Amino acid sequence: MTAFSLSPEAAAPRLHVARRTLERLRGVPALAARYPYHLDADSLEGLAQLPPLARDDLNTALAHLEPAADRSATWLFQSGGSTGAPKVGYAPTGFYMAGVHAHWQPLDRTDVFVNAWGAGRMWGAHFLAAALADLSGCRIIALGSVTKDEYGPWLEFLAARRVTAIGGTPSVLRLWFAHARAAGLRLPSLRKVLWLGEAWQPRLDDDLAAVAPEARRWGMFGSTETWVVGTNTPHCRADTFHPLPHQLVHTGEDGLLDFTALDPAVLNPVLRYRTGDAGELTACPCGRPEPAMRVLGRRDSVVQVRGLGLDVDELVARAERAPGVARAQVVLTERGGRATGLELLVVAAGPAPAPDLERLRTELFTATITLGTAFQHDPGSFRVRPVDELVSNGRTGKTAALIVREES
């Protein structure tokens with residue numbers, strides 16, 4: 001059984017955007033065969049018959065289409081987060097946040113908002129949050145990333161400025177509040193915590209209770225392919241979001257979510273695009289009557305490493321293409337939900353010359369944006385180690401590409 005976030009009546013006036021996107025995709029030579037002319041986007045039933053769009057498909061389409069905004073600059077952002085050859089996503093100045101702000105207003109003119117999403121490096125969240133703050137008319141501190149030694153002085157500054165709101169990925173927010181809690185600092189004026197980019201981390205609730213007991217979470221869900229799909233409020237579950245009217249959410253029989261953009265200004269050809277997230281359409285405890293989207297977790301190979309997406313399968317494939325490497329496996333070590341180290345286990349290819357592991361490590365570290373950024377302050381936490389056998393399941397004999405270990 002499949003379900004859509006909009007009723008047929010609500011979707012009908014917007015489906016012309018889906019029809020236009022379908023024609024654009026048919027114009028991409030490498031994708032044309034996927035969309036024969038007996039398929040259409042004239043109805044929700046027709047949309048459900050179209051093949052889902054995967055990330056590689058979207059990248060192929062964008063490379064051919066090279067979209068541009070009609071009345072503003074066209075921003076290029078990295079899509080996917082894992083490799084040194086960025087998979088490009090497009091957005092106009094403003095990043096569609098006017099449509100978000102019309103339905104979701106966590107900030108107002110009285111707020112002092114700290115934008116703690118990392119800026120630059122072809123990532124969109126910092127600029128997206130700045131656009132939202134601009135629409136709200138609040139005061140904004142564009143802080144971005146800080147180093148370990150800077151948390152204390154900045155926290156004292158934020159307390160002195162009576163900051164009322166902060167935004168970032170949950171793993172970054174955990175660093176802020178964990179440092180504050182350890183130092184005995186409180187942010188009594190903080191009332192709002194905005195988040196995007198990862199699932200909410202329950203341990204944040206404990207830190208917030210100690211550091212900023214008046215703070216409540218306000219979440220966004222989306223990606224650099226779809227941009228903001230849905231939002232939630234303190235009255236919603238942390239994993240449940242209300243789709244925006246110009247975002248059509250569909251869940252199929254396999255339990256995977258896909259997204260279709262119904263905003264005519266959207267540059268990316270998002271038509272049943274899959275982010276790799278599983279989910280369902282359900283009722284929300286906040287009481288709003290329309291279906292909400294509950295996100296149940298990812299089902300692809302992308303994992304979060306210090307707030308950044310790392311494509312494990314791609315990293316393994318890169319390693320296994322190196323001379324002398326037969327097999328590779330990623331071991332992620334975590335403490336309290338945060339990555340403390342990442343190890344690439346490598347099995348040599350029999351009697352062939354042994355692989356140059358230090359060269360392989362350097363190549364992967366410099367060519368993979370996630371590794372180079374996540375471990376820029378402690379590069380020794382990413383290692384390449386030779387082994388005779390990869391870690392496997394003793395009961396089933398299966399060997400996973402990713403092993404996650406909890407460090408005591």
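None of the values given here were measured: they were computed from a predicted structure.
To the nearest 0.5 Å, atom CG of residue Leu257 and atom CE of residue Met293 are 6.5 Å apart. Residue Ile403 holds its CD1 atom at 4.5 Å from CD of Gln329, rounded to the nearest 0.5 Å. Atom-to-atom distance recorded for Arg318:CZ and Glu363:CD is 9.5 Å, nearest 0.5 angstrom. The line from OG1 of Thr231 to NE2 of His103 is 9.5 Å long, rounded to the nearest 0.5 Å. Expressed to the nearest 0.5 Å, how far OG1 of Thr340 lies from CD of Glu406 amounts to 8.5 Å. Atoms CG and CG, on Leu62 and Leu267 in that order, are 9.0 Å from each other to the nearest 0.5 Å.
In this view, Phe241 and Trp195, Phe221 satisfy the ring pair (Phe, Tyr, Trp, His ring centres under 6.0 Å) rule, not counting sequence neighbours. Residues satisfying the side chain to side chain donor-acceptor pair (under 3.5 Å) test with Arg405, not counting sequence neighbours, are none. Tyr151 meets the ring pair (Phe, Tyr, Trp, His ring centres under 6.0 Å) test with Trp176, His179; sequence neighbours excluded.
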- Checking salt bridge (charged side-chain N to carboxylate O under 4.0 Å, His left out) for the pair Glu214/Arg191: CA distance, chi angles, key distance, verdict? CA-CA 5 Å; Glu214 300 301 317; Arg191 304 191 309 272; over 6 Å; no
- Task: Determine, step by step, whether Glu23 and Arg20 satisfy the salt bridge (charged side-chain N to carboxylate O under 4.0 Å, His left out) criterion, reporting the C-alpha distance in whole Å, the side-chain angles of both residues, the deciding distance to 0.1 Å, and the verdict.
- Result: CA-CA 5 Å; Glu23 291 307 311; Arg20 187 191 68 174; over 6 Å; no
- For the pair Arg19 and Asp40, evaluate salt bridge (charged side-chain N to carboxylate O under 4.0 Å, His left out) and give the outcome as yes or no after the intermediate values. CA-CA 7 Å; Arg19 290 193 293 269; Asp40 62 58; over 6 Å; no
- Message: One pair to check against side chain to side chain contact (heavy atoms under 4.5 Å, CB included): Leu53 and Asp258. What are the steps and the verdict?
- Response: CA-CA 8 Å; Leu53 197 68; Asp258 62 72; over 6 Å; no
- Candidate pair Arg237 and Cys284, rule side chain to side chain contact (heavy atoms under 4.5 Å, CB included), full reasoning: CA-CA 7 Å; Arg237 287 188 298 256; Cys284 181; 5.8 Å; no
- Task: Give the C-alpha distance, both sets of side-chain angles, the deciding distance and a yes or no for side chain to side chain contact (heavy atoms under 4.5 Å, CB included) between Thr260 and His250.
- Result: CA-CA 8 Å; Thr260 298; His250 172 251; over 6 Å; no
- Message: Could you go through Leu50 and Leu22, starting from their C-alpha distance and side-chain angles, then the distance that decides it, and tell me whether this counts as side chain to side chain contact (heavy atoms under 4.5 Å, CB included)?
- Response: CA-CA 9 Å; Leu50 295 174; Leu22 177 58; 4.2 Å; yes
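With Tyr273 as the aromatic partner, Arg55 does not meet the cation-pi criteria of under 6.0 angstrom to the ring centre and within 45 degrees of the ring axis.
With respect to Trp75, the ring pair (Phe, Tyr, Trp, His ring centres under 6.0 Å) criterion is satisfied by exactly one of Tyr90, Phe95, Trp227: Phe95. Here the rule is side-chain contact (heavy atoms from CB on, under 4.5 Å) with Leu402, and of Val303, Leu315, Leu310, Val331 only Val303 fits it.
At distances below 3.5 Å, not a single donor-acceptor pair connects side-chain atoms of Gln376 with backbone N or O atoms of Gly372. A donor-acceptor pair is defined here as one N or O able to donate and one able to accept, closer than 3.5 Å; such a pair exists between the side chain of Arg34 and the backbone of Pro52. Side-chain atoms of Ser5 come within 3.5 Å of backbone N or O of Val249 as a donor-acceptor pair. Side-chain N or O atoms of Thr368 include none that pairs as donor or acceptor with a backbone N or O of Thr370 at under 3.5 Å. With hydrogens and angles ignored, the 3.5 Å screen pairs a side-chain donor or acceptor of Glu198 with a backbone N or O of Gly307. In this structure, the side chain of Arg306 engages the main chain of Ala374 through a donor-acceptor pair within 3.5 Å. A donor-acceptor contact shorter than 3.5 Å is absent between the side chain of Asp111 and the backbone of Phe113. Glu280 places no side-chain N or O within donor-acceptor distance of the main-chain N or O of Thr251, the cut-off being under 3.5 Å. Distance alone, capped at 3.5 Å, is enough to place a donor-acceptor pair between the Glu320 side chain and the Ala328 backbone. Put simply, the side chain of Lys192 gets close to the backbone of Pro106: a donor and an acceptor are under 3.5 Å apart.
Residues Phe259 and Arg272 fail the side-chain proximity criterion, which asks for heavy atoms closer than 4.5 Å. Using a 4.5 Å heavy-atom threshold, the side chains of Asn115 and Leu143 count as separate. Counting heavy atoms from C-beta on, the side chains of Thr333 and Arg335 never come closer than 4.5 Å. At least one side-chain heavy atom of Leu128 sits under 4.5 Å from a side-chain heavy atom of Met97. Looking at Leu244 and Val229, their side chains never come closer than 4.5 Å, going by heavy atoms from C-beta outward. No side-chain heavy atom of Leu15 sits less than 4.5 Å from a side-chain heavy atom of Asp42. Contact check for Val270 versus Thr21: no side-chain heavy atoms found under the 4.5 Å cut-off. Looking only at side-chain heavy atoms (C-beta outward), Thr60 and Leu58 stay at 4.5 Å or farther from each other.
Heavy-atom minimum distance, Ala401 versus Asp313: CB-OD1, 3.7 Å. Contact detail for Gly27 and Pro29: the closest heavy-atom pair is O-CD, 3.3 Å. Nearest approach of Leu25 to Leu31, heavy atoms of both residues: O-CB, 4.0 Å. Residue Gly144 comes nearest to His126 through the heavy atom pair N-CE1, 4.0 Å, listed as atom of the first residue, atom of the second, then distance. The shortest non-hydrogen separation linking Gln304 to Leu332 is O-CD2, 4.4 Å. Among all heavy-atom pairs drawn from Val112 and Val163, the shortest one is O-CG1, 3.5 Å.
Within a 6.0 Å radius of CD in Glu389, other residues, nucleotides and ligands contribute 12 heavy atoms or fewer. Atom CZ of Arg161 has 12 or fewer heavy atoms from other residues, nucleotides or ligands within 6.0 Å.
The pair Glu334-Arg338 does not meet the salt-bridge criterion, since no charged nitrogen lies less than 4.0 angstrom from a carboxylate oxygen.
A side-chain donor from one of Ser223 and Glu225 sits under 3.5 Å from a side-chain acceptor of the other. Ser381 and Asp378 form a side-chain donor-acceptor contact under 3.5 Å, judged by distance and modelled atom types alone. Side-chain atoms of Trp104 and Asn232 include no donor-acceptor pair closer than 3.5 Å. No side-chain donor-acceptor contact under 3.5 Å links Ser136 and Asp108.
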